[in-house]
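What follows is one structure encoded as structure tokens, with my remarks underneath.
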Amino acid sequence: MVYRISMVSRDDLGQLFELPFPVLLHRAASVHHAHFDPTQVQVSTLLSVKTGGCPEDCAYCPQAQRYDTGVSAQKLMDVEAVLVRARAARDAGASRFCMGAAWRSPKDRDIPKVAAMIAGVKALGLETCATLGMLDAGQAGALKDAGLDYYNHNLDTSPDYYDSIIHTRNYQDRLDTLGHVRDAGLKTCCGGIVGMGETRAQRIGLLHALANLPAQPESVPINRLVQVAGTPLHGSTELDPFEFVRMIAVARIVMPRSMLRLSAGRETMSDELQALCFLAGANSIFHGEKLLTTGNPDTAQDEALFARLGLVPMTR
Ligand code: SAM
Ligand code: DTB
Ligand code: SF4
């Protein structure tokens, strides 16, 4: 469990963002080296176990039923089919397997099947993560009992930008789920998305919310918006790539012990930009041709990048 040492203020965060780029990267890399082996990057695989047809209105999401994005709704996968994919991920070098479902929240009747998936993936020796929407205390406990290591539930953005992005559940709902996750003894995977038209102050607001949770999340995914036609955020102004690196660097400095995941958005990043993200403290990627519904770099391209940079997949 990672406990917060002291409050991180918005002013502190603002000052970090304003540091000259080489100074900021040096600070972030120093923090990274003090807490992790900087040559190791965790390789995770994502699988959408229940795709599309989601009733929520998250403005970035291709799986929301209400947007015409070409994603067709599918029912919850069978356990054995999930395990086939998990075995393949393990054989391709993944040490972590994350199962995602396009739900507002799971129904209690879904939990036994999801629990069987988790137990089966865990038995393969993989670290397990699930992201299924809002949970109540009983559901969080059942997932823990099944062998779940991490639960992913993102704050997504700053509290003061949230209402521009999602209207079907509020920030407090997210904080409540994160509380149930912690109380059940699960590790928290919680981050957000940048490049949604937010200001730097709002990116700072997201990091402020994450770093000051009652316990800092053990895992922090930083997603760069994948713009999907049909979603309200399609056509958003692209974020300056150096601002994205700053986001990673500041996250690394204020959450020194968290796994920092370079998550969605890698498909449109250059190798050089990804290298800067690793230098700034990112130490996990999703591997495989697909995230949940959108594309990800080719496996061979990632392997070549690791070789060129002298990086190795983290072992458990
Ligand atoms: N339905 C569950 C929920 O929202 O909590 C779990 C799955 S949801 C797809 C998991 C996360 O994926 C979201 O919280 C969001 O941060 C990220 N995500 C979804 N669409 C994205 C996109 N187009 N670009 C970047 N990140 C995205
Ligand atoms: C997270 O923060 N990023 C991942 C994971 N958690 C589940 C999901 C990214 C999804 C990108 C859009 C898609 O592929 O549908
Ligand atoms: Fe549904 Fe999750 Fe997508 Fe929001 S992010 S629309 S809750 S699948």
Side-chain angles (χ1 to χ4, degrees), residues 44-67 69-74 76 96-106 110 114 128-135 139 150-157 162 165-171 173-178 180-181 188-198 206 210 217 219-236 238-239 244 251 258-269 282 284-297:
S44 312
T45 295
L46 254 180
L47 178 65
S48 180
V49 299
K50 193 271 162 196
T51 304
C54 184
E56 300 290 277
D57 76 344
C58 312
Y60 47 76
C61 188
Q63 302 199 70
Q65 170 98 67
R66 67 191 72 203
Y67 310 134
T69 62
V71 172
S72 53
Q74 285 160 25
L76 185 61
R96 172 185 176 84
F97 193 72
C98 179
M99 292 156 272
W103 283 324
R104 169 180 166 81
S105 55
D110 299 319
V114 174
T128 54
C129 182
T131 181
L132 317 169
M134 294 184 285
L135 295 184
Q139 293 172 334
Y150 286 82
Y151 193 75
N152 169 239
H153 197 65
N154 291 337
L155 289 178
D156 274 348
T157 191
Y162 186 87
I165 305 295
I166 299 153
H167 311 93
T168 48
R169 62 176 129 162
N170 60 36
Y171 221 73
D173 292 328
R174 290 182 184 256
L175 295 170
D176 291 348
T177 291
L178 293 170
H180 297 316
V181 166
T188 306
C189 176
C190 182
I193 312 176
V194 295
M196 298 196 294
E198 75 285 342
L206 170 61
L210 292 170
S219 161
V220 178
I222 304 289
N223 297 280
R224 186 168 82 162
L225 176 69
V226 179
Q227 298 204 16
V228 178
T231 60
L233 291 182
H234 185 239
S236 299
E238 289 282 341
L239 187 67
F244 184 75
S258 305
M259 293 295 297
L260 198 50
R261 305 190 192 279
L262 180 55
S263 300
R266 282 198 313 117
E267 198 180 29
T268 53
M269 288 181 198
S284 168
I285 58 163
F286 287 116
H287 185 251
E289 70 211 22
K290 234 206 238 177
L291 291 165
L292 292 172
T293 64
T294 64
N296 201 37

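Bear in mind that the values here come from a model prediction, so they are computed numbers and not experimental data. Read the numbers this way: they start at 1 and go in the same order the structure lists the ligands and their atoms.
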Practice item. Determine, step by step, whether Thr188 and Leu178 satisfy the side chain to side chain contact (heavy atoms under 4.5 Å, CB included) criterion, reporting the C-alpha distance in whole Å, the side-chain angles of both residues, the deciding distance to 0.1 Å, and the verdict. Key: CA-CA 7 Å; Thr188 306; Leu178 293 170; 3.7 Å; yes
Exercise for review: Using the salt bridge (Lys or Arg N to Asp or Glu O under 4.0 Å) rule, take Lys50 and Asp110 through it: C-alpha gap first, then chi angles, then the decisive distance, then the call.
Suggested key: CA-CA 11 Å; Lys50 193 271 162 196; Asp110 299 319; over 6 Å; no
Please tabulate, one line per pair, the protein nitrogen or oxygen atoms found under 3.5 angstrom from a nitrogen or oxygen of ligand 1, with distances to 0.1 Å, or say none if there are no such pairs.
| residue | atom | partner | partner atom | Å |
| --- | --- | --- | --- | --- |
| ligand 1 | 1 (N) | Ala101 | O | 3.2 |
| ligand 1 | 1 (N) | Trp103 | O | 3.1 |
| ligand 1 | 4 (O) | Arg169 | NH2 | 3.4 |
| ligand 1 | 14 (O) | Asn154 | ND2 | 3.4 |
| ligand 1 | 14 (O) | Asp156 | OD1 | 3.2 |
| ligand 1 | 16 (O) | Asn154 | ND2 | 2.9 |
| ligand 1 | 16 (O) | Asp156 | OD1 | 2.7 |
| ligand 1 | 23 (N) | Tyr60 | O | 3.0 |
| ligand 1 | 23 (N) | Val226 | O | 3.0 |
| ligand 1 | 24 (N) | Val226 | N | 3.0 |

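Applying the 4.0 Å criterion to heavy atoms of Thr293 picks out, from ligand 2, the atoms 13 (C), 14 (O), 15 (O). The distance from ligand 2 to the heavy atoms of Thr131 drops below 4.0 Å at these ligand atoms: 7 (C). The Asn154 neighbourhood of ligand 2 comprises atoms 1 (C), 2 (O), with distances under 4.0 Å to a heavy atom of that residue.
Below 3.5 Å of separation, one finds no N or O of Cys98 facing any N or O of ligand 2.
Around atom 3 (Fe) of ligand 3, protein N, O or S atoms at less than 2.8 Å comprise Cys61 SG.
Evaluation of the side-chain contact (heavy atoms from CB on, under 4.5 Å) rule for Thr51 yields Ser48, Gln63, Val71, Gln74, Thr293 as partners, not counting sequence neighbours. Scored by the ring-ring contact (aromatic ring centres under 6.0 Å, His included) test, Tyr67 finds no partners at all (sequence neighbours excluded).
Nearest protein neighbour of atom 2 (Fe) of ligand 3, counting heavy atoms only, is Arg169 NH2, 4.2 Å.
A cation-pi arrangement is absent between Arg266 and Phe244, since the terminal nitrogen or guanidinium carbon is not both under 6.0 Å from the aromatic centre and inside a 45° cone about the axis.
At least one heavy atom of Pro62 sits less than 4.0 Å from an atom of ligand 2. Distances from ligand 2 to the non-hydrogen atoms of Asn223 include at least one value under 4.0 Å.
Heavy atoms of Val228 found under 4.0 angstrom from ligand 2: none, in either backbone or side chain.
A distance-only check finds a donor-acceptor pair linking the side chain of Ser236 to the backbone of Leu233 [under 3.5 Å].
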